[in-house]
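Below is one structure, written out as structure tokens; comments come after it.
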Amino acid sequence: MKKILLFSFMLMSALVTESWAQERTVSGTVTSVEDASTMPGVNVVLKGTTNGTITDVDGNYKLSVPSEGGILIFSFVGLTTEEVEIGTRSVIDLAMTADITELSEVVVTAMGISRDKASLGYSTQELGSESVNAAKEANIVSSLSGKVAGVQVKMPNTMGGSANIIIRGNNSISGSNQPLFIIDGIPVDNTIGKDAYQSAGGYGYDFGNAASDINPDDVESINVLKGASATALYGSRASNGVVLITTKKGKKKEGLGISFSTGMTVGKINKDTFIEYQHEYGAGYGPYYGVNDPFLTDYIDVDGDGNDDLIVPTTEDASFGGKFADYTGQNVYQWNSFVPESDRYQQAYAYEAGANDPTTFFETQKMYNNSIALHGGGDNNSFRLSYTNFKMSDILPNSEQVKHTINFTGAQKISDKLSADVMFQYNNNATTGRFSTGYSDNLMSSFRQWWQVNVDIKEQEAIYQQTKRNYTWNAADAFDPTVPIYWDNPYWTRFENYTTDGRNRVMSAFNLKYDFNDWLNFKGGVTIDSYREIRETRRQQGSVASGFGVLRANETSGYQRQELNVSELNYNAMLVANKNISDDFNLAGVAGVNIRRNNFDSYRGSTAGGIAVPGVWSLDNSVSTSPFPVEVNSRKEVYGYYVNLNAGFKNMLYLDGSYRYDVSSALPLEDNAYGYYSAALSWVFSEVVQADWLNFGKVRASYGKVGNDLGANNTTDGYLRNANYVNDGIMYTLPSTKSNKELVPEEIISTEVGLAMAVLNNRINFDFSAYKTSSFNQLMRVDISSATGYSSKYVNGGEVENKGLELVLGGDIVKTKDITWNASLNWTKNLSEVISLPDGPDGEPIDNYTMASYQGGVSVNATVGQPFGVLKGTGYKYLNGEKVVNSSGYYVAEPNQIIGNPNPDYIAGLTNTVSYKGLTLSFLLDMQGGGDVYSLDMHYGQGTGLPASTAGLNDLGNPVRDPVTTGNDSGGVLNPGVDESGAVNTVRARADYYGGAFYWGNSSRNPGQMTVYDASYIKFREMSLTYNLPQNLVKSFAQRVSISVVGRNLAILSKNVPYADPESGLGAGNAQGYLTGSYPTTRTLGFKINLEF
Amino acid sequence: MKKIIYIAIMSAVFMACDDRLMELNTPSKLATEVPVSTLFLNGMVNTFGNMESSSVNNNPFRLYAQYVAQCTYPEESQYNLTREIPYYFWRGAYRDALSDLNTAKSILTAELEVADAAFKPKLNNQLACTQIMMDYTYSVLVDAFGDVPYTEALDPDNISPSYDDAATIYDNVLASLDESISRIDVGEVGFESVQDPVYGGDMNGWKAFANTLKLRMGMRLADVNASKSISVVNSALASGVISSNNENVSITYGSSSPNNNPLYSSLVLSGRQDFVGANTIVDIMNTNNDPRRYVFFAENLGSDTFLGGVYGDANAYATNSHLGDLFHTADLPGTLIGYAEVEFLMAEMVERGGYSVSGTAVSHYNAGIQASFDQWGIGGAAAYMAQPSVTYATATGTWQQKIGTQLWLALYNQGFEGWTTWRRLDMNIFNAPPILTLSDIPVRLPYPLREGNQNGTNYDAAGSKIGGDLVSTKIFWDKF
């Protein structure tokens, strides 16, 4: 057992050997006190330097040392570190002893309880600080991608947007599936900052997920608790797993420690994830504008020469217009021909593809991160105080995010028995210019779905910068280009209609610990997470009309302000015991009480009818009387009582059991208390099975039940106030969702078995888990027939099942004195199935639940017998396995088909770390196999003729947009398939206007399924190359200096979704697999310097 | 130390007391009881909103009536039910209008049981107003879909309401209207004026509304149940129907959002250019030199120049006649039933015979035209009527064609009723969209697709009972 651990940590020993003042060498052999065997891989370092080596396979070492003095430090994980004076010796042999306290790998489990990892009957996976810090992501959640088996992360590509994290599949159809984040015992609010419109794919902003306030620089380790048996002590909030974060702490040391790090990265969009435009055809939807020229307005004499002139139809946000080649030598009046300040004013000019397409709209992302930490400690106290400054400007103009984090942890021993510790974190975030998401009012949906390729976007920029006016390419009337019809000048959008938001947050914990004796202590404390957030959205006077503000009426200007006050307070008290009853028998236990108070308060007010004075961002700057604000207040308290017992026999067999009883104010009063439990068994079989190749082996099995409590205010109805009618008529209305007084919490039961082994001298280790999770009593806001007077109702019932396999496989591919190459793979396969849905009152079970409905006639559903969240919409019609094509050459659409499954077949991450002397290269490949996404960008983008795929040549080698004929000169698209009789289709669909082959479909043709794509990808997610500077260079001023080159999202090595990142969705939430207005992925590359004094 | 633990545990237990938990879970920002008039007004405003809207998401009827054509995106005028149009129209009726009205009705019914006799007439009046609004909406639902949930509707405890037979719903609605009429005490007010932007609490108006709705529904039955039609209509006439434009079922709209006429939202607030006049109506009005053109359409193509966009095709906004300035006005009143319709229906009664209606078809036909001109504040009705193409005696076609065409013109801005008039009288005036035929024009809205998911058994049963959930399945009264 002890030896096993010795071997398994060999990797940590790579240090630099450098030559300076080498006057002599010292050598020797390291052995084990226990069995006198030789000890390979032991670190031997000259104290105060990085001059060191490791012992070879026979336990021998040799090291150059200065001519005089010096101390050698021998260290190895699991052994007591020893310091040996060299003196004048040239041979130093050493027998090392096991360090009992370090021998067992201790992990932090639920409720902050430390346990020997070997004793756990469930799987946990721990990450060190480097995993979130090496190549830092702005959002800590994103940096978990690809690193933990069973954990799926989706990044949004929007600045500060919400990252979706799911552990072992989605358990809840309508509730949150995001795990609970706990930092140093403080449950951290992770409210997803998206409103319903945004989530439904409409206009809005993604204000991120609140857990992004956790500062990666302060993180010491992250432990992911996956199954119910690991999380049962959290009871009614444990259903989705727990991400336990431990911050860095001060350690006992001499003097003050100072760590400083500075980093900067720059990022550019990955063009594989943005639309590639066709360059052949200009503005319009088809041939119906002019009298003689069907593609241009041709009946107005602009210059007064008596001849009618050609004008681009500026109202049209599509590119199914005239072929540029047909206008060679002909000048055309375009959008800026009517802008007085433009050089083009009253000029017609060549009609051609814009010299700069929207790809050039994106700016270079710049991210700066500076962090300083002071730490120290003595016999009775320790502290760490840090400040981190993070600043970024993102790929869209006028976007900036600044975060300040101050973190303090301290511990004080007050007496022999009493000690106290504190954690305090303050965040101040300010963000300008959040990215609009979704279908409308999102520049990405303009660039990808609604655009004229004849527009040079840099000319839009120049005229905006010159005039600060909304001169748009998309004017309602070509002669008045300040009035947009659908789209503003994109620079106007970014610089005038920008958001600002800021959050001030305190997370704090105060804990007291009293030791009754050496086996029993009491811990009590309070944790607080509290923040206030302000979000402001603006529309400058003269913008395109869009649903805005409290009333969501179409308005051409407006100002909205939302304030959030969110807090969670926890009182904790627990007794902790850990006693060796006999030499063979250990008993550990916890009993505690937890009181939780949540308060969510929000206020949203806006102008109505526009703003009276441009540029004044104030609620009183309203044209009409300001509408009633929207106030929300929800309060919740949970009273939890819990107990945990862990019995260990001969460090080999462990039995663990937990029980928690929660009383929740969110549940109906009559039935508001529920019990949750778990049991786990583990057997370290390597204690009895002796084999040369086997270093460690453990089997485990566990079973647990946890809950997913309701949110507040789901059981009582209230009337909603509407705006007053004319003459102050008062209006109240029933809510659209009917509450239910008979709700119960969702119940998640999971079973897990696992096998962990380390073999072949610990060269290979793996941890394999198989699990099954069943989630019952699904709380669903079921869409019900609106003939009931409501469009939805809260009900309980049904079951979702997730079954999965997880594998963590690690190995040292190369392990020599100078070079180590470690590879670590984690692989997850999760299969979900909606087993059943709640019964209706007539006893008929519901067989489908629409979780979200989107533009394009696509919905995300829980369908009985299908995986979680299948996409439904119009699908292909098949005849004998062939797609059916109608007599005009279009694919026939069948309504209400399952057209995609957004769940991946598997996800995997492969991390490679190669060390050579002071140089360490680490890179992560992150991959997903399978899963589908529906792209509204392609649905509309093809329909409007934007992407390159809608132009060019067809199968006959003719321009695809040429008219369809019966001859070999035909344009059009030949859709592979058969006609209704089963004969192979020979009819080409016309593609010369938006209603043709690329049309966005209707109930009878061009099914939505045409733009469903396989979401598989392999991403070169992360790379870091770190060089630890030789000690002799830095010793005069620092203990350690390292320089890193870091990169993220460097390449997508494989994907099938055209022009987009398969991951780019609408941010966090249960409905995934829908792309609209996708942001491109940013590749970043930068450097980081760490200094330790 | 143990004491502290004990106190901690006991205080936790203590704090979890029921009253506190109950209070915590009560929405503190919402009212749990509200004045009934506030629900009535909300239901009423939503009823009008659903009918007056010209959003292509929920109300395509100005298109179906071929009053307007679309510009760049002609899908809806081609009868493509994009974006779940039937669902949003259905939901607008049930969830947004009927639900609040039904709650108001329940509250009023309960209050009536315990009310002092002195308050009963007013409560009865309020109940009648509420019920009449509901009856109106149910009549529209039947006219749009056929069989719909009625007896089991509006009960959130029954999420699978069965569909009732359309003709039976008609009978029930007519009976309900009779009950409301008998409940009304015209000597008492109904709702306070500000909560009743249609009649300001004047129960005479509500009585006329109820009777006119009976009249309209009665005439729908003429082809399928002549005797019932006659009895219903005669009783309505005897009780008193709308007799001037002053009594129109019209709501006052406000000058600013959200209380503007919904049409204003689509035409002005949206900033879009989706609609122009349709050639169907513009051509007929041009032929008849109809002075109402100057109100219905704008002279954006030059004075006295009116050109309609091709119905069902994509049209350029700039080269076709826009809707008139009046329809770009925020506070244009919205009308569910107008006086002109009453006169045209009376002309129809004369032609059909058997109804207790005085006057001739000609006199009612002319009165209908006059009422329409008056409603839009336009002179020159006499000269218009003097044209052979308009004069009742010389206009071409059957009485259905003549009366139907003029009624259809009068119903401009009442898209649903314009389309229904074509369904009912089958005037040969509509154009088929390109590549479609006249028989492709819907005579019914299909059920919302979501009903298939949400109320599948009843949805399937209803579809098969009415002969298929199709746009070509006729409503029960639509015999021809």
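Residue numbering restarts at 1 for every chain, and letters A, B, ... go by the order of the sequence lines.
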Between Ala787(A), Ser624(A), Pro484(A), who has the most heavy-atom pairs with chain B when the cutoff is under 4.5 Å?
Ala787(A)
Non-neighbouring partners of Thr607(A) that pass side-chain hydrogen bond (donor to acceptor under 3.5 Å, both in side chains), sequence neighbours left out
none
Do the side chain of Asn25(B) and the main chain of Ala666(A) share a donor and acceptor less than 3.5 angstrom apart?
yes
Option in Gly592(A), Gly640(A), Ser791(A), Gly524(A) with maximal non-hydrogen atom pairs under 4.5 Å from chain B
Ser791(A)
Heavy-atom cut-off 4.5 Å, strictly under: side chain, backbone, both or neither for Asn727(A) against chain B?
both
Relative to chain B, which of Ala545(A), Ser786(A), Ser859(A) shows the most heavy atom pairs under 4.5 Å?
Ser786(A)
Thr850(A) portion near chain B, given a 4.5 angstrom heavy-atom threshold
side chain
Under the side-chain hydrogen bond (donor to acceptor under 3.5 Å, both in side chains) rule, collect the residues that match up with Arg596(A), sequence neighbours excluded.
Asn598(A)
Rounded to the nearest 0.5 angstrom, the CD-OG distance for Gln454(B) and Ser792(A) is 9.5 Å
dist Tyr317(B):OH -> Tyr289(A):OH (nearest 0.5 Å) comes out at 15.0 Å
Strictly distance-based, threshold 3.5 Å: is any side-chain N or O of Glu637(A) a donor or acceptor partner for the main-chain N or O of Leu21(B)?
no
Could you tell me which portion of Tyr719(A) (side chain, backbone, both or neither) has an atom closer than 4.5 angstrom to a non-hydrogen atom of chain B?
both
Find out whether Val45(B) and Met731(A) are in side-chain contact, i.e. whether some heavy atom of one side chain is under 4.5 Å from a heavy atom of the other.
yes
Can you check whether Thr315(A)'s main-chain N or O pairs, donor with acceptor, with Gln273(B)'s side chain at less than 3.5 Å?
no
Please rank Val34(B), Thr32(B), Leu30(B) by heavy-atom pairs under 4.5 Å with chain A and give me the top one.
Val34(B)
Hey, could you give me the CD1/NZ distance between Ile159(B) and Lys738(A), rounded to the nearest 0.5 Å?
13.5 Å
Contact class of Thr716(A) relative to chain B, heavy atoms under 4.5 angstrom
both
Heavy-atom check, side chain of Arg91(B) versus side chain of Ser736(A), under 4.5 Å
no
Quick one: which of Ser665(A), Ala712(A), Gly718(A), Ala476(A) has the most heavy-atom pairs under 4.5 Å with chain B, could you say?
Ser665(A)
Between Glu33(B) and Tyr732(A), does the side-chain hydrogen bond (donor to acceptor under 3.5 Å, both in side chains) criterion hold? Intermediate values first, please.
CA-CA 10 Å; Glu33(B) 282 184 27; Tyr732(A) 270 101; over 6 Å; no
Under 4.5 Å from a heavy atom of chain B, the part of Ala723(A) involved:
side chain
Donor-acceptor pair, Asn554(A) side chain versus Gly271(B) backbone, under 3.5 Å?
no
Can a donor-acceptor pair be found between the side chains of Ser785(A) and Glu451(B) at a distance below 3.5 Å?
yes
Okay, Tyr299(A) and chain B: the region with an atom under 4.5 Å from a heavy atom over there is side chain
Do side-chain atoms of Thr788(A) reach the backbone of Pro156(B) as a donor and acceptor pair under 3.5 angstrom?
no
Selection from Asp477(A), Asn713(A), Ile485(A) maximising heavy-atom pairs under 4.5 Å formed with chain B
Asn713(A)
When the 4.5 angstrom heavy-atom criterion is applied to Leu551(A) and chain B, the contacting part is side chain
Within the structure provided, determine whether Cys71(B) and Tyr285(A) are in side-chain contact (heavy-atom separation under 4.5 Å).
no
Distance alone, cut at 3.5 Å: any donor-acceptor contact between the side chains of Tyr790(A) and Tyr94(B)?
no
Hey, could you give me the CZ/CZ distance between Arg635(A) and Arg20(B), rounded to the nearest 0.5 Å?
8.0 Å
At a heavy-atom separation under 4.5 Å, does Leu734(A) approach chain B through its side chain, its backbone, both, or neither?
both
Approximate separation, where rounding is to 0.5 Å, of Ser160(B) OG and Ile784(A) CD1
9.5 Å
Chain B heavy atoms under 4.5 Å from Leu710(A): which part of the residue, side chain, backbone, both or neither?
neither
Please flag which part of Asn896(A) lies under 4.5 Å from any non-hydrogen atom of chain B: side chain, backbone, both or neither.
side chain
